[in-house]
A.B. asks: 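Could you have a look at this structure, given as structure tokens, before my questions?
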Amino acid sequence: PQSQSSMRQVTLTMDLISTGSSQTRMDECKKAGLDVIRYHAGVLNYQTALSLQERWVRDGHPSRFMFLKRLVSKLYTIGAIDANPIHGIRNPYMEKRKRPEITTKDYEALLEAADGHWLLPLIRGIWTTGLAYSDICQLQWKEVDIDECVIMRVRQKMKTRSGGECIIPLDPEGPFMDWLRKAHDSKDLELGKYPSVNGAHYVNNEIAARYLRGHAGRTVIYREWSKLRERAGLADKNIQIHDFRAHTCTVLVNSMNLIHASQITGHKDLNVLKGYVRPDKANLKALMKAVHEGLR
């Protein structure tokens, strides 16, 4: 027999979903809630939750169930709904995604595919800095020292936490620094134009505006990224935008100690940084060679 909790039922509306997703600051929570409306007219109970879970697993979005749990839990906590009908339902099993290796050849193919496209500075930025794409999209001129060739920025996700500042020295002769200098020369032409208003002055107004439009704007970014990836002949490799951060973290950790690497990436917890680092057998062999020579 069903337990009392599994017989509870709530109805999610657009207003409730907007309230809950804004409280969690997660677009994915909103997507999950909208699927409840789309597939079950907003009715959420034990059976519809299991049906949604099965659908999301089949469609390749198993994590959406966890975002639904987060949304419903927040709505219940703030008293917007009088029950949490999915409390206790186990999350679907999710095999951990193995991030693909991004080679210099891959990067150059993406640059060629993005020639003249508004995503080009984003691709250069995520490869060069190790910042998440949200940080490159929202990078402001006050965070870029053109003369010193250094970016100093508190990562977007750490704005409401006790996160430290990323200190990112750039290659003075590199292509991203060259692009930044050219953009800096004409930066004041964008002042007063959305979103460079009210004290904010974004490095790239077009990318910032798209990102700040929320789910709709970010969907366009991801869609255009997929097109460029396909044009570059990398569709089968399934490189995601955030994989670039993992790539740069791997290069940093392989090139310097963890403390210095974390000052660049902005990680307070070294275990979190470790999760981004892709195992590099060749690098470990080279490092251990020196150790073996010392042991001899």
A.B. asks: Measure centre to centre between the rings of F244 and Y133, then say whether the value is under 6.0 Å.
C.D. replies: no
A.B. asks: Are there more than 12 heavy atoms of other residues, nucleotides or ligands under 6.0 Å from atom NZ of K30?
C.D. replies: no
A.B. asks: May I ask you to say whether K182 pairs ionically with D178, meaning some side-chain N is under 4.0 Å from a carboxylate O?
C.D. replies: yes
A.B. asks: Is E230 paired with K227 through a side-chain N to carboxylate O contact shorter than 4.0 Å?
C.D. replies: no
A.B. asks: I'd like to know whether L75 forms a side chain to side chain contact (heavy atoms under 4.5 Å, CB included) with V10, so could you lay out the CA-CA distance, the side-chain angles of the two residues, the decisive distance to 0.1 Å, and finally the verdict.
C.D. replies: CA-CA 11 Å; L75 289 172; V10 296; over 6 Å; no
A.B. asks: Going by heavy atoms in the side chains, are P85 and Y46 under 4.5 Å from each other?
C.D. replies: no
A.B. asks: With a 4.5 Å heavy-atom cut-off, do M288 and V291 have their side chains touching?
C.D. replies: yes
A.B. asks: Determine whether a donor-acceptor pair (N or O, by modelled atom type, separation under 3.5 Å) exists between the side chain of R155 and the backbone of S134.
C.D. replies: no
A.B. asks: So, the side chain of N204 versus the backbone of P121: is there a donor-acceptor pair under 3.5 Å, distance only?
C.D. replies: no
A.B. asks: With side chain to side chain contact (heavy atoms under 4.5 Å, CB included) as the test, would you mind laying out the steps for N254 and L252 before giving the verdict?
C.D. replies: CA-CA 5 Å; N254 286 347; L252 286 168; over 6 Å; no
A.B. asks: Has Q53 got a side-chain atom pairing as donor or acceptor with R90's backbone, closer than 3.5 angstrom?
C.D. replies: yes
A.B. asks: Hey, does the side chain of D269 reach the backbone of N271 with a donor-acceptor pair shorter than 3.5 angstrom?
C.D. replies: yes
A.B. asks: In plain terms, say whether K105 and E108 are close enough for a salt bridge, that is, a side-chain N and a carboxylate O under 4.0 Å apart.
C.D. replies: no
A.B. asks: Relative to the ring of W127, is the ring of H247 parallel (under 30°), tilted (30 to 60°) or perpendicular (over 60°)?
C.D. replies: parallel
A.B. asks: Test your reading of the model: is there a side-chain donor-acceptor pair from T128 to the backbone of G125, 3.5 Å cut-off?
C.D. replies: no
A.B. asks: Could you please spell out the steps behind the side chain to side chain contact (heavy atoms under 4.5 Å, CB included) verdict for I81 and V72?
C.D. replies: CA-CA 8 Å; I81 54 178; V72 175; 3.8 Å; yes
A.B. asks: Looking only at side chains, do T103 and D106 share a donor and an acceptor under 3.5 Å apart?
C.D. replies: yes
A.B. asks: I'd like to check I146 versus M177 (side-chain heavy atoms, cut-off strictly below 4.5 Å). Are they in contact?
C.D. replies: yes
A.B. asks: Would Y107 and I239 count as a side chain to side chain contact (heavy atoms under 4.5 Å, CB included) here? Give the steps.
C.D. replies: CA-CA 10 Å; Y107 172 57; I239 298 172; over 6 Å; no
A.B. asks: Less than 4.5 Å apart, side chain to side chain, heavy atoms only: is that true for L180 and W141?
C.D. replies: yes
A.B. asks: Measure from the side-chain N and O atoms of T48 to the backbone N and O of V43, and report whether any donor-acceptor pair falls under 3.5 Å.
C.D. replies: yes
A.B. asks: For M14, does the CE atom sit with more than 12 other heavy atoms under 6.0 Å from it, leaving out its own atoms?
C.D. replies: no
A.B. asks: Taking everything shown except Q140 itself, do over 12 heavy atoms lie less than 6.0 Å from its CD?
C.D. replies: yes
A.B. asks: Do L270 and I259 make a side-chain contact, defined as non-hydrogen atoms from C-beta onward lying under 4.5 Å apart?
C.D. replies: yes
A.B. asks: So does K187 get a backbone contact from the side chain of H201, meaning a donor-acceptor N/O pair under 3.5 Å?
C.D. replies: yes
